[in-house]
Structures are given as structure tokens and as C-alpha cells.
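As the structure is a computational prediction, the values presented were derived from the model and not from experiment.
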Amino acid sequence: IANINANRDTTALFFPAGRYIVSEQIIIPAKGEGRLTLVGLGSASIVASSNFPEDTYILKITTDSYNGNNFRIDGMSLYGNYKCSGLDIRYAQEWALHNFNIWSCRTGLSLNDTYYGGFSGTSSIRNCLVGVQFGDRTIKAYEKDRGEVNTIDFSNLKLNFGVSKTLFYA
């Protein structure tokens, strides 16, 4: 994924319908001027294996600048089996999650220094211990990045927490 993403104008990475069991975190550096799109064709699911590291996110999208680092994830699901967390979005702007679902994670979604994002289609965060976490509790006051989250559209996100302790955490 990193090689595809290194020098691009627009890139789409397709996941055919199926269940992808992963044993380590997937990190996607959203660099460049173009848009990165992850497309799940049909019902593509990324599932944490039984030996997936605890307190780690299945999918982490990050960048080193705020210059055109937009991305879109379409038609995919993440399953954490209550062992790990779902999606971590850091230092990103102009992103969209469309028909994207997060199931059974410690933290469903973490947003840190991210702007102008949103949900569309039928997106959901279900049965996670923490639904959405804003900012990074490990950032110190003297550090440059403070975990700001700004202009996120949650209007098309369904939240369902049967076992949840916290829907939103900041």
C-alpha cells in the first residue's frame, strides 16, 4: 500500500468481497495531492486475528502534512473481536467514510488533528467499548499537535452500543 501511495495523483485500492484476517496493524500514509480510495467490492471485511496486538488499531490513516491528503473508504467493515480498536485517523483533511462499518472494537474510531471529514451511505459503529474518541490523550500541551478535531459530519453515522461504556470520549 505504501508503494502505491508514494507518488500518485489518484489511487484506488480494491478489496474483493471476502474476509481478510490480519495479525498486524495496516498503516496507510495518505500523502500526495490526489485522493486515495479504498474500495470494498461487495462485502469486504478486515478482521483482527486472535494474536492481533491489543491496544492497537486495525487500520491507521495518517499523513505528515495537511496539503491535499484526502482519502475515501467505501464499502468495507472492520471487526476487532473486542481485542483491539478499529480506525485511527490522524492529521487528515477532506476524508469520507461511505458504507463503512466498525464492529466489536475497544475504540471504534479515533480522530486526532483531523478536519472536514464525514460519513455517508450506511455507515455504523457497533458494539464497541468506546464509540468515537476525539484527540489523543497522550499528546502533551507543549507539543505542536494538540489533537484538534474540526468540522466532522456525523449525520449519516449509526451508533449502536449494546455493551458500550462510552459513546464519545474527548
Side-chain angles (χ1 to χ4, degrees), residues 1 11-22 24-28 30 35-50 52-63 69-137 147-170:
I1 292 173
T11 300
L13 182 60
F14 295 94
F15 287 82
R19 196 168 172 224
Y20 300 89
I21 299 173
V22 295
E24 62 185 47
Q25 182 179 57
I26 300 169
I27 299 175
I28 298 175
R35 174 180 287 273
L36 173 66
T37 304
L38 302 179
V39 181
L41 302 173
S43 58
S45 300
I46 299 175
V47 180
S49 69
S50 60
F52 195 93
E54 293 183 16
D55 298 326
T56 302
Y57 287 86
I58 297 170
L59 180 59
K60 179 176 181 175
I61 299 179
T62 187
T63 185
N69 51 28
N70 52 32
F71 67 89
R72 176 182 173 99
I73 302 177
D74 191 351
M76 297 183 73
S77 295
L78 301 178
Y79 291 87
N81 297 319
Y82 298 109
K83 181 172 183 58
C84 59
S85 294
L87 175 62
D88 185 14
I89 300 175
R90 293 178 174 268
Y91 319 117
Q93 66 178 356
E94 299 178 16
W95 53 269
L97 302 176
H98 180 75
N99 295 332
F100 183 75
N101 300 291
I102 300 172
W103 294 80
S104 306
C105 291
R106 289 185 175 192
T107 297
L109 174 65
S110 176
L111 300 173
N112 189 59
D113 271 347
T114 182
Y115 309 90
Y116 311 114
F119 298 83
S120 61
T122 305
S123 294
S124 66
I125 299 175
R126 298 172 185 239
N127 297 329
C128 296
L129 300 178
V130 173
V132 180
Q133 177 177 310
F134 298 99
D136 187 340
R137 293 176 284 170
E148 182 179 351
V149 176
N150 190 340
T151 317
I152 308 300
D153 182 1
F154 288 101
S155 61
N156 285 314
L157 176 66
K158 179 186 282 186
L159 298 169
N160 177 348
F161 298 102
V163 297
S164 176
K165 298 185 182 303
T166 310
L167 292 180
F168 292 96
Y169 182 86

Are the side chain of [X] and the backbone N or O of [Y] linked by a donor-acceptor pair below 3.5 Å?
X: S77; Y: S45; answer: no
X: N101; Y: S124; answer: yes
X: Q25; Y: Y57; answer: yes
X: S110; Y: D88; answer: no
X: R106; Y: K83; answer: yes
X: Y82; Y: N127; answer: yes

How are the rings of Y79 and W103 set relative to one another: parallel (under 30°), tilted (30 to 60°) or perpendicular (over 60°)? parallel
Parallel, tilted or perpendicular, as decided by the 30° and 60° cut-offs, for the rings of W95 and F119: perpendicular
Tell me the closest heavy-atom pair linking [X] and [Y], and the distance in Å.
X: P53; Y: C84; answer: O-CB, 3.9 Å
X: D74; Y: H98; answer: OD1-CD2, 3.0 Å
X: P16; Y: A44; answer: O-CB, 3.8 Å
X: S123; Y: L97; answer: OG-O, 3.4 Å
X: S43; Y: A17; answer: N-CB, 3.7 Å
X: G108; Y: C128; answer: CA-SG, 3.8 Å

Rounded distance (nearest 0.5 Å) linking atom [atom1] of [X] with atom [atom2] of [Y]:
X: L111; Y: R90; atom1: CG; atom2: CZ; value: 10.0 Å
X: L109; Y: Q133; atom1: CG; atom2: CD; value: 9.5 Å
X: T56; Y: I26; atom1: OG1; atom2: CD1; value: 12.5 Å
X: F100; Y: S120; atom1: CZ; atom2: OG; value: 12.0 Å

I'd like to know if the side chain of S104 pairs up with that of N81 as donor and acceptor (distance under 3.5 Å, no hydrogens or angles considered). no
Apply the side chain to side chain contact (heavy atoms under 4.5 Å, CB included) test between I46 and each candidate in L78, L38, L87; give the one that qualifies. L78
